[in-house]
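Reading through the structure tokens given below for one structure.
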Amino acid sequence: MATTLYDKLWAAHVVAEEGNGVCLLYIDRQMLHEVSSPQAFEGLRAKGLRPRNPTYHLAVADHSVPTRHRDRPIADPQARAQVALLEANAREFGIELLTLGDPRQGIVHVTGPEQGFTLPGLTLVCGDSHTATHGAFGALAFGIGSGECESVLATQTLRMPKAKTLRVNVTGDLPPGVGAKDIILAVVGKLGSNGAIGHAIEYAGPAIRALSMEGRMTLCNMSIEAGSRTGLVAPDETTFAWLKGRPKAPKGADWDAAVAYWRTLPTDEGAVFDREITIDATRLVPQVSWGTSPDQVADVTGLVPNPASLADAEQAAKTAKALAYMGLVPGQALRDVTIDHVFIGSCTNGRIEDLRMAARVLTGRKVAAGVTALVVPGSGAVKAQAEQEGLDRVFLDAGFEWREPGCSLCVAMNDDRLPPGARCASTSNRNFEGRQGQGARTHLMGPAMAAASAIAGHIADPRDYLEAV
Amino acid sequence: MEPFIRLSAVAAPLNEADIDTDIIYPARFLTITAKKGLGRYAFHDRRFDGQGQELPEFVLNREPWRQAAILVAGANFGCGSSREQAPWALLDQGIRCIIAPSFGDIFRGNCYRNGMLPVVVDEATHAALLADAEAGLELHVDLEAGFITRPDGATVAISIDPQKRDALLNGWDEVMTILNQRGDTIAQYETQRRQRFPWLG
Ligand code: SF4
């Protein structure tokens, strides 16, 4: 029978059927970070348990780490204690640790793939909702809570119901100046913030095949913003070429055997999905969010919506509430919205290609007066690569700050935090109330638009800046 | 975990779609590594102003909902991040049952593991329960019997996976349950996995 990529990944990991569609699923790999792991380790300790297989886990400090003054101890005592606890737990339980001072340290979803910890065909989890990022490699990857982290440490399994399947077909070629972030913002806008609950998404079609691994990770990363825990792209030559030679990727005969298996994973011709939607890439325009939920997006050439003109009362109320928080006027052109902060980074857009794209827009230009702009590379490896290419100079010359890797302004858990009322052009994935600081306002967009907006001092269409280059 | 069998309590109405985990538990409190005592951070920025004073308009700051142990929430409640601090904070605040048209998947799973009961209801039922909540009336949730009784005596079925129900009723710990019931099966799977996928170690 013709089956989907998701079905194949699922079937290969079923340890036992538990009835009612629930299965006990084997988990091949887990990434652990300082926020969601302490209580999991505490749970093990309380029950006198040890990790079933310590080498299947990788601990990385990312969420609360500062992005400057790395030569000093972490200033915030609570964050310092949290990172120290991750280090102590990793040591106590025999788990490999990438912490501050290690050149490989970075955001879990950037570091894992870079190290080859992420591979096609795996089940991979992390106590973090953006774990779907790793689905870009054709791995069944999803976010879990701390209690589930404990289960995976102790049993290497999770009990869960199988999801329904949803294929997002992206047809045609992307126009110039439009990237993976624009695809996923448009998809989330189309599906709605809860439109894919209970579904595993597979992204398919020519526009997806043409994406680099970085682009595919950007895409899968935001699956959760439509309610789906899982985003997938079938592995192909692009995947294998990207992974080959990575530190933890299989070597020699193992590599050949693995690739042979990985080639069997893509969805079979004629396989049936529970749902399908199609997006025409040729018609996509750079996307920007205007609200407080990632599905509240529009074309950058568009207007702030008017709640009064919405037929659906619930939508109208939701829109009005978002506009009140965002301090926007209905009918206002999005390009007229002035910004005072720019953040380029996060597990959505903190990879080398994102920095290259932003640097392309910034070359020979300056950040507008009154705008504070920050680049936070997604990992130490991304930072080193960017510096080798001279991108740091481009950012610094334009007036950006060049920081050390971490989550930073994506979640504002460290000292990178916006003041109330600040308005930020951000390449991160969530525009929730208070996400970048209490009362701060976030506009989600791709790295080219964030760079263009930094120069303009207001939300700007990156195509106006890319044409000129 | 504490068993969940039945519960009679005032239900607080919070009829807003997409209440995300950043609203339930703001990220800046995520450096706290404890699991207990997080109740004061629940809905923090909706409950308190910049000076830490209660905002009187927020439902949990008003009578009779200060004592609410049930929340009647809007669609997609708990969307966003996987932080288990969200259910921990709600639990510590006294909330044990949340009723909504839909939930963020990860949040919903996290509830079960902490002895909390998320209940998905259709639109009409949601409207009725919301009216009860707004009137400050008590709901009677009986997981053992499998339904919620409204103040007027009408009942609403609780649909739940039987395993989750058993775990809640008995307060079973998921980790120990898996190890006890499936330890051998996992070991068998691992043997076969080593042959099939030798590159996974
Ligand atoms: S960068 Fe943001 S979304 Fe990604 S793991 Fe860090 S906090 Fe989560």
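These numbers come from the heavy atoms of this one structure, side chains and all, not from hydrogens, waters or symmetry mates. Letters go in sequence order (proteins before strands), and every chain restarts at 1.
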Would you say B:Q163 and A:E18 are linked by a side-chain donor-acceptor pair, where the criterion is simply a distance under 3.5 Å? yes
CG/A:L86 to OG1/B:T33 distance, rounded to the nearest 0.5 angstrom? 11.5 Å
Should the ring pair B:F197 and A:H13 be called parallel, tilted or perpendicular, given that the plane angle runs from 0 to 90° and is split at 30 and 60? parallel
Tell me whether B:R28 contacts the main-chain N or O of A:Q438 through its side chain, where contact means a donor paired with an acceptor under 3.5 Å. no
Please evaluate residues B:S82 and A:D128 with respect to the criterion side chain to side chain donor-acceptor pair (under 3.5 Å), reporting the C-alpha separation (whole Å), side-chain torsions for both, the decisive distance (0.1 Å), and the verdict. CA-CA 5 Å; B:S82 63; A:D128 190 282; 5.5 Å; no
Whether the side chain of B:E84 engages the backbone of A:G147 through a donor-acceptor N/O pair (distance < 3.5 Å, no angle test) should be reported. yes
Is it the side chain or the backbone of A:K251 that comes within 4.5 Å of chain B heavy atoms, both, or neither? neither
Go through the atoms of A:S146 and report whether side chain, backbone, both or neither lie under 4.5 Å from a heavy atom of chain B. both
Part of B:Q188 lying under 4.5 Å from any heavy atom of chain A: neither
Examine whether an atom of A:R52 lies under 4.5 Å from a heavy atom of chain B, and if so say whether it belongs to the side chain, the backbone or both; otherwise answer neither. side chain
Side chain of B:D105, backbone of A:I197: donor and acceptor closer than 3.5 Å? no
Basic-acidic side-chain contact under 4.0 Å: A:E42, B:K35: no
Run the side-chain contact (heavy atoms from CB on, under 4.5 Å) check on A:F432 and B:I23 step by step: do they pass? CA-CA 8 Å; A:F432 295 164; B:I23 296 177; 5.9 Å; no
Indicate the atoms forming the closest heavy-atom contact of B:L200 with A:R29, along with that distance. O-NH2, 3.3 Å
Side chains of A:E433 and B:D45, heavy atoms from C-beta outward: is any pair under 4.5 Å? no
Exercise: identify the closest heavy-atom pair between A:A154 and B:V175: CB-CG1, 3.6 Å
Is A:Y56 in contact with chain B via its backbone, its side chain, both, or neither, using a 4.5 Å heavy-atom distance? side chain
With a 4.5 angstrom heavy-atom cut-off, which part of B:A17 approaches chain A: side chain, backbone, both or neither? side chain
So which part of B:S81 gets closer than 4.5 Å to some heavy atom of chain A, the side chain, the backbone, both or neither? both
Residue B:A34 versus chain A: region with a heavy atom under 4.5 Å: backbone
Looking at A:L158 and B:R113, what are the two nearest heavy atoms and their distance? CD2-NH2, 4.5 Å
For B:R193, is it the side chain, the backbone, both, or neither that has a heavy atom closer than 4.5 Å to a heavy atom of chain A? side chain
Shortest non-hydrogen pair, B:T185 vs A:V15, comes out as CG2-O, 3.6 Å
